[in-house]
Undergrad: 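To start, I am sharing the structure in question, which I have written as structure tokens.
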Amino acid sequence: MADLLNELNPQQQKAVAAPPGPILVLAGPGSGKTRVLTYRIAYLIAALNVPARQIMAVTFTNKAAREMGHRVEGLLGEKTNGLWLGTFHAICGRILRREAAHLPVDSNFVIYDADDQTALIKRVIQEKVFNSKDYNPNQVLSRISNAKNDLLGPEDYPVESYRDETIQAIYAAYQAYLVASNAMDFDDMLRYTAHLLETQPEIREKYAHRFQHILVDEFQDTNQAQYNLLYHLASHHRNLFVVGDEDQSIYRWRGADYRNVERFAENFPQRTTILLEQNYRSTQTILDTAVSVINENPHRTEKKLFTARGTGKPATAYEALDDHDEAAYVVDTIVTQVRQGQAKESDFAIMYRTNAQSRLLEEAFRRANMSYRLVGAQRFYGRREVKDMIAFLRVIYNPKDEVSLARVINLPARGIGAVTVDNLQKCAQGAGLSSGEVLLSLSDGGSNALEERLGSAAARLRPFSMLLADWRGQLDQRSLTALFDQVLLDTGYEAYIKADSDELQDRWANVMELRGVLLEYEALGLGVFLEAMALVADQDTLPDTIDAPTLLTLHAAKGLEFPQVFIVGLDEHYLPHSRSRDDEEALAEERRLFYVGITRAEDRLYLVRALRRRSPYGSYENMLPSRFLSDIPEALLNGRFTRENGWGKGYDVDQFQWDRPYGSSTQKKAPKPPEKRAQRFYPDMLVEHPVYGEGVVRNSRLEYGDETVEVYFDGLGLKALVASLSSLEIKET
DNA sequence: AGCAGCGGCCTTTTT
DNA sequence: GGCCGCTGCT
């Protein structure tokens with residue numbers, strides 16, 4: 001074990017070998033946070049002989065958990081049986097299923113994801129609210145989510161207005177539906193666990209005694225519920241080892257509160273605080289760039305970040321003509337370096353503020369015939385066909401699941417329309433049952449009363465009710481994949497999904513891929529499979545084996561590192577995002593997001609913006625450079641950013657329709673005149689540009705009343721030019 | 001009941 | 001530009 005400590009710097013050693021007790025590690029980016037956590041776990045097991053089963057380590061992503069597990073096993077040279085290592089939600093799931101007797105749901109509860117929540121809240125709003133149009137489902141959900149993160153139930157929901165009263169009523173009904181569906185959402189998992197530990201002393205004692213040591217990663221991003229449950233879990237041994245960095249707190253919108261760091265200091269006055277300031281990841285120039293950005297944030301304890309990695313190259317500043325050009329620049333830079341053998345594809349990451357920004361990049365990569373890894377954005381599990389099949393399995397597993405039942409009851413269409421569904425739901429409500437239970441009882445012809453109440457709906461529902469009962473009967477008799485195949489067969493889902501012509505056969509391939517995943521859970525059972533489906537995000541399933549650049553949001557980039565990093569979309573309204581414009585705290589968080597992005601880079605950083613880009617609503621808009629760019633000293637940049645948009649037009653905030661609350665249509669944009677211009681440029685034409693010189697047209701398209709021409713210039717690569725503005729001359733056709 | 005066509009509305013980030 | 005929900009036709 002002694003040699004284990006030798007691999008660490010003095011500060012890291014101090015943290016890893018700290019005597020038991022509350023420990024707060026404040027760690028700058030790239031300072032070996034994960035390393036400290038893994039070594040600490042190994043140290044506890046190997047040096048202090050703490051049984052692995054008495055250690056709990058909490059991370060924010062499954063990927064981080066998995067990695068940490070591997071690393072600990074690597075250090076110890078053996079399996080760590082009994083160690084509780086996982087995300088907050090996974091660990092809560094484990095506790096909640098064991099302690100379901102104390103919950104309003106049973107241990108077969110299902111977890112509702114964002115889509116399920118939206119479906120349910122829409123239904124509640126429709127049913128409960130007179131002027132349902134005034135209540136945006138996502139807004140209401142976020143209010144409910146905030147309340148839950150603060151451990152407030154419907155009855156505690158703060159009411160200051162009539163609108164609040166309505167939201168409170170929606171919250172109450174939403175919660176009642178969840179319970180009736182034997183379901184909970186992500187926030188409930190934390191809230192129920194915190195509540196259990198707080199109100200059930202024997203449960204609290206059980207876990208607080210068991211877990212001698214609790215370790216937490218990304219502590220700055222914990223919310224109130226998470227803090228509370230940690231506090232209770234650590235209430236007996238008080239060995240709480242937390243690692244965090246307030247400058248990397250980027251989940252405030254999800255209830256995260258970096259003041260939990262202060263709270264920790266207050267609740268555990270005898271804590272040890274350790275600072276990790278040496279960076280092992282980036283060049284000094286990259287660190288300086290990051291610091292110049294983050295230093296502008298108020299109320300933070302300044303850290304001196306230093307590295308032994310040398311000065312390095314200044315960040316490249318690139319100002320693209322438009323968003324197409326931006327994507328072309330990124331791909332081109334990567335292609336050039338790869339071709340010249342200076343780098344390999346997987347060295348690169350491209351980061352952006354919103355998922356939607358990946359589209360143009362993906363297209364550019366595809367055009368260049370280069371593969372890429374796209375993190376998140378519901379790549380697989382968000383697909384309709386995948387969610388459909390999971391919904392079937394969920395209803396079979398838990399027939400009370402109203403949201404999943406509503407999704408599949410008429411899928412593919414089997415003559416059960418809105419009226420029939422409505423009848424079923426009313427009947428169920430009248431009988432104090434769930435819709436699924438009514439269906440099951442219908443299938444065995446048990447209750448005449450129910451049948452009578454259903455009336456004509458009974459006949460329409462019977463075939464599906466028989467199917468459902470049949471599937472349920474098979475649940476314990478046959479393998480999961482056999483059941484899956486049976487559902488496909490009975491529903492004719494294959495023909496249905498293949499009939500959807502526009503997306504080729506991909507959809508069916510996804511269904512089969514899901515079947516492949518299910519195969520891995522044969523031994524573990526449907527419940528484990530469904531929980532994994534709910535809690536395992538797409539980014540956790542990415543094969544990191546392929547040699548390709550990674551596309552990801554700035555949020556998803558936290559905790560990762562790459563030799564070369566592009567941060568694109570460095571324009572006002574994107575970073576900082578326009579939704580944060582009027583809120584100082586939110587703006588500070590946008591800045592931290594930028595900081596997180598910069599500090600992912602090991603060797604090279606590219607800061608990219610575009611003079612004009614497509615707004616979320618379709619039209620093209622002139623952009624202003626991100627305010628954060630002006631905080632970076634020019635000496636740290638190779639290249640520079642203009643201070644105004646490049647189109648001579650004055651910048652006018654009001655031209656951004658996505659800034660204005662919808663509904664206030666005072667300045668409805670005049671529809672663009674459908675000015676039809678003839679296309680002048682075609683692929684392979686030889687053209688001359690006053691600045692770039694001679695080039696070959698790769699592609700050209702008419703859009704938004706103008707012609708966008710992609711021209712390949714020797715030595716410069718691909719440029720996207722706007723024909724009417726760039727005085728391109730045709731030299732040869 | 002189901003489908004096509006249309007208009008309004010919307011997009012931040014994720015376990 | 002794209003989704004979703006509504007409407008009106010079959």
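No experiment lies behind these values; they were computed from the predicted model shown. Chain letters run A, B, ... following the sequence lines, proteins first and then strands; every chain starts at 1.
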Undergrad: Between A/Asn136 and C/dC4, is there a side-chain N or O to OP1/OP2 distance below 4.0 Å?
TA: no
Undergrad: Provide, to the nearest angstrom, the distance between the OH atom belonging to A/Tyr112 and the C1' atom belonging to B/dT15.
TA: 18 Å
Undergrad: State which of B/dG2, B/dT11, B/dT14 makes the closest approach to the side chain of A/Ala413.
TA: B/dG2
Undergrad: Under 4.0 Å between a side-chain N/O of A/Thr61 and OP1 or OP2 of B/dT14, yes or no?
TA: no
Undergrad: With heavy atoms under 4.0 Å as the rule, sort A/Lys122 into base, sugar-phosphate or nothing.
TA: sugar-phosphate
Undergrad: Just the rounded figure in Å: distance from C1' of B/dT13 to CZ of A/Arg591.
TA: 18 Å
Undergrad: Between A/Ser580 and A/Arg460, which residue's closest nucleotide on DNA chain B lies nearer the 5′ terminus?
TA: A/Arg460
Undergrad: Without decimals, in angstroms, what is the distance between A/Asn146 CG and B/dT15 P?
TA: 18 Å
Undergrad: With distance as the sole criterion, is a donor-acceptor pair present between the side chains of A/Tyr372 and A/Glu362 under 3.5 Å?
TA: yes
Undergrad: Please report, rounded to the nearest Å, how far the P atom of B/dT13 is from the CG atom of A/Asn149.
TA: 18 Å
Undergrad: Scan A/Ala90 against the nucleic acid and name what it touches under 4.0 Å (heavy atoms): base, sugar-phosphate only, or nothing.
TA: nothing
Undergrad: For the pair made of OH in A/Tyr251 and P in B/dT15, what is the distance, rounded to whole Å?
TA: 6 Å
Undergrad: Table please: side-chain donor-acceptor pairs of residues 455-463 of chain A below 3.5 Å, with sequence neighbours left out.
TA:
{"unit_1": "A/Arg460", "atom_1": "NH1", "unit_2": "A/Gly415", "atom_2": "O", "d": "3.0"}
{"unit_1": "A/Arg462", "atom_1": "NH2", "unit_2": "A/Glu451", "atom_2": "OE1", "d": "2.6"}
{"unit_1": "A/Arg462", "atom_1": "NH2", "unit_2": "A/Glu451", "atom_2": "OE2", "d": "3.4"}

Undergrad: Starting from the 5' end of DNA chain B, give me the residue, A/Glu590 or A/Gly417, whose nearest nucleotide shows up first.
TA: A/Gly417
Undergrad: Hey, is the side chain of A/Thr420 poking within less than 4.0 Å of OP1 or OP2 on B/dA1, counting only N and O atoms?
TA: yes
Undergrad: Rounded to whole angstrom units, what separation is found between the NE2 atom of A/His324 and the C1' atom of C/dG1?
TA: 12 Å
Undergrad: Provide, to the nearest angstrom, the distance between the CD atom belonging to A/Gln126 and the C1' atom belonging to C/dG5.
TA: 9 Å
Undergrad: Tell me whether the ring of A/Trp253 lies stacked over the B/dT13 base, given a 5.5 Å limit on centroids and a 30° limit on the plane angle.
TA: yes
Undergrad: Salt bridge check, A/Asp116 against A/Arg394: does any charged N sit closer than 4.0 Å to a carboxylate O?
TA: yes
Undergrad: List for me each residue that meets side-chain hydrogen bond (donor to acceptor under 3.5 Å, both in side chains) alongside A/Asp422, sequence neighbours excluded, and say none if there are none.
TA: A/Lys426
Undergrad: Would you please confirm or rule out a distance under 4.0 Å between OP1 or OP2 of B/dT15 and any side-chain N or O of A/Asn223?
TA: no
Undergrad: Does the side chain of A/Asn398 come under 3.5 Å of the side chain of A/Asp401 through a donor N or O and an acceptor N or O?
TA: no
Undergrad: How would you label the contact of A/Phe88 with the nucleic acid (heavy atoms, under 4.0 Å): base, sugar-phosphate, or nothing?
TA: nothing
Undergrad: Looking only at the side chain of A/Thr87 (C-beta and beyond, no hydrogens), which of the listed nucleotides B/dT15, B/dT11, B/dT13 gets closest?
TA: B/dT15
Undergrad: At less than 4.0 Å, is any side-chain N or O atom of A/Asn355 found next to OP1 or OP2 of B/dT13? Yes or no.
TA: yes
Undergrad: It should be established whether A/Asn410 places a side-chain nitrogen or oxygen under 4.0 Å from OP1 or OP2 of nucleotide B/dA1.
TA: no
Undergrad: Strictly by modelled atom types, are A/Tyr174 and A/Asp185 linked by a side-chain donor-acceptor pair under 3.5 Å?
TA: yes
Undergrad: C/dC4 and B/dT13: how far apart are their C1' atoms, nearest whole angstrom?
TA: 23 Å
Undergrad: C/dG1, B/dT14, B/dT11: which one has an atom nearest the side-chain heavy atoms of A/Arg614?
TA: C/dG1
Undergrad: Can you tell me how far C1' of B/dT14 sits from CD of A/Gln117, to the nearest Å?
TA: 11 Å
